[in-house]
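Atom set for the values below is all heavy atoms of this structure, side chains included, hydrogens, waters and symmetry mates excluded. Small disclaimer: the values here were computed from a predicted structure and weren't measured.
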Amino acid sequence: PNLGVISVPDERLNKLAEIVHPGRIVPATCEIVDIAGLVKGASKGEGLGNKFLGNIRECDAIIHVIRCFEDDNVVREGGMAVNPIEDKEIIDTELQLKDLETIESQLAKQQKIAATGNKDAKILVSVLEAYKEVLEQGKNARSVEFESKEEQQAAHDLFLLTTKPVLYVCNVDESSAKTGNEYSKQIEKIASEEGAEAMVIAAKTEEDIASLDSYEDKQMFLEELGLEESGVNRLINKAYHLLNLQTFITAGEMEVKAWTFHKGWKAPQCAGVIHTDFEKGFIRAEVIKYEDYIKYGSEAAIREAGKLGIEGKEYVVQDGDIMHFRFNV
């Protein structure tokens with residue numbers, strides 16, 4: 001698989017840099033793995049099935065790109081007509097079959113252990129049986145929700161392929177880049193029913209945009225298509241939020257830097273993203289809201305206006321917070 005380390009677009013960093021004049025700007029990043037070659041029968045080892053399914057298991061979320069365009073020069077497997085729903089279902093089925101294989105390999109063993117009265121095995125059996133039932137109906141494991149923390153943990157530890165969050169990317173022709181088309185609307189409807197995310201992108205057009213040298217030329221191209229930002233930027237931001245990730249920022253003369261954290265994390269956990277010592281010796285966090293930084297134009301003016309927040313260990317960090325951590329080692 002090809003691995004791409006992608007910068008997460010964030011205009012807030014550029015706005016802060018205009019105020020702070022740092023030595024450099026460091027955006028947040030995420031890794032996108034291009035896993036090609038998954039074909040019908042992959043769960044049984046067809047093509048490079050087992051290897052590719054292993055690559056998917058290592059990922060945190062799945063971006064499933066689906067053909068939603070007509071082009072006689074791009075032949076679909078077997079020379080068949082364009083059928084995005086069938087393409088989606090082929091991949092779904094292969095992942096579901098692999099998950100069923102995982103479950104069935106564990107279920108008999110865990111049932112024997114549960115019969116001895118082992119509490120953990122009983123919990124795991126109930127989780128495995130719930131997953132088995134929906135997978136045998138041709139549904140994805142992510143459609144099952146567990147109430148107890150013990151069941152949720154047992155489910156998480158199985159690392160099933162179809163429990164991963166999914167973003168369906170409908171690859172359309174240029175004329176459909178803004179509004180989508182009949183094919184993409186079919187996928188969007190199914191995604192909505194599944195509780196999954198979907199978006200439209202014209203990959204060939206994105207390639208043309210990327211080949212342009214200047215930012216101005218790229219913006220003109222987007223405006224001609226009636227788009228506010230490139231599909232690539234929208235895709236990266238969607239993937240970032242699909243993983244429940246957010247950004248806090250540090251701003252100083254040396255650098256303006258975006259740091260990635262999981263939504264809901266508290267100040268000490270976010271301090272640990274910078275360095276483990278920051279979390280261990282956490283004393284407090286000085287927090288400036290992004291809007292206040294832009295409004296007042298300097299840290300000194302923010303302090304004078306009383307807009308610098310002093311937060312303790314229970315503070316839940318918000319997306320876009322500008323943070324300075326005080327710690328003791």
Do side-chain atoms of T116 reach the backbone of K112 as a donor and acceptor pair under 3.5 angstrom? no

Could you check whether any side-chain N or O of T29 sits under 3.5 Å from a backbone N or O of S7, counting only pairs where one atom can act as donor and the other as acceptor? no

Could you tell me if E279 and T276 have a donor-acceptor pair between their side chains, going purely by distance under 3.5 Å? no

Working to the nearest 0.5 angstrom, can you tell me the gap between T250 OG1 and D321 CG? 12.5 Å

Please check this pair: side chain of N171 against backbone of C68, looking for a donor-acceptor N/O pair closer than 3.5 Å. no

Distance from L107 atom CG to L124 atom CG, nearest 0.5 Å? 8.5 Å

For a 4.5 angstrom cut-off between non-hydrogen side-chain atoms, does I66 reach Y168? yes

Step by step, work out the salt bridge (Lys or Arg N to Asp or Glu O under 4.0 Å) result for D319 and R12. CA-CA 11 Å; D319 185 56; R12 294 174 299 190; 3.2 Å; yes

I6-V26 co-clustered via ILVMFWY side chain contacts under 4.5 Å: no

Under 3.5 Å side-chain donor-acceptor pair for Y240 and Q246: no

Taking F221's backbone N and O only, do any of them form a donor-acceptor pair with E224's side chain (distance below 3.5 Å, no angle check)? no

Common cluster, L242/I62, ILVMFWY with side-chain heavy-atom separation under 4.5 Å: no

Report yes if the distance between the aromatic ring centroids of F248 and Y290 is under 6.0 Å, otherwise no. no

Ignoring hydrogens and angles, state whether a donor on the side chain of Q153 or D157 is under 3.5 Å from an acceptor on the partner side chain. yes

Compute the ring centroids of F327 and F282, then answer whether they are less than 6.0 Å apart. no

Which heavy atom of R142 sits nearest a heavy atom of E194, and at what distance? NH1-OE1, 3.8 Å

Return yes if some donor-acceptor pair links the side-chain N/O of N233 with the main-chain N/O of E229 below 3.5 Å, else return no. no

V169 and V166: same hydrophobic cluster, using ILVMFWY side-chain contacts below 4.5 Å? no

Just verifying a value: how many Å separate R67 CZ and I187 CD1, rounded to the nearest 0.5 Å? 13.5 Å

S214 side chain to D217 side chain, donor-acceptor N/O pair below 3.5 angstrom: yes

Is a side-chain donor-acceptor pair under 3.5 Å present for D173 with S176? yes

Keeping the roles fixed (side chain from E286, backbone from I310), state whether a donor-acceptor pair exists under 3.5 Å. no

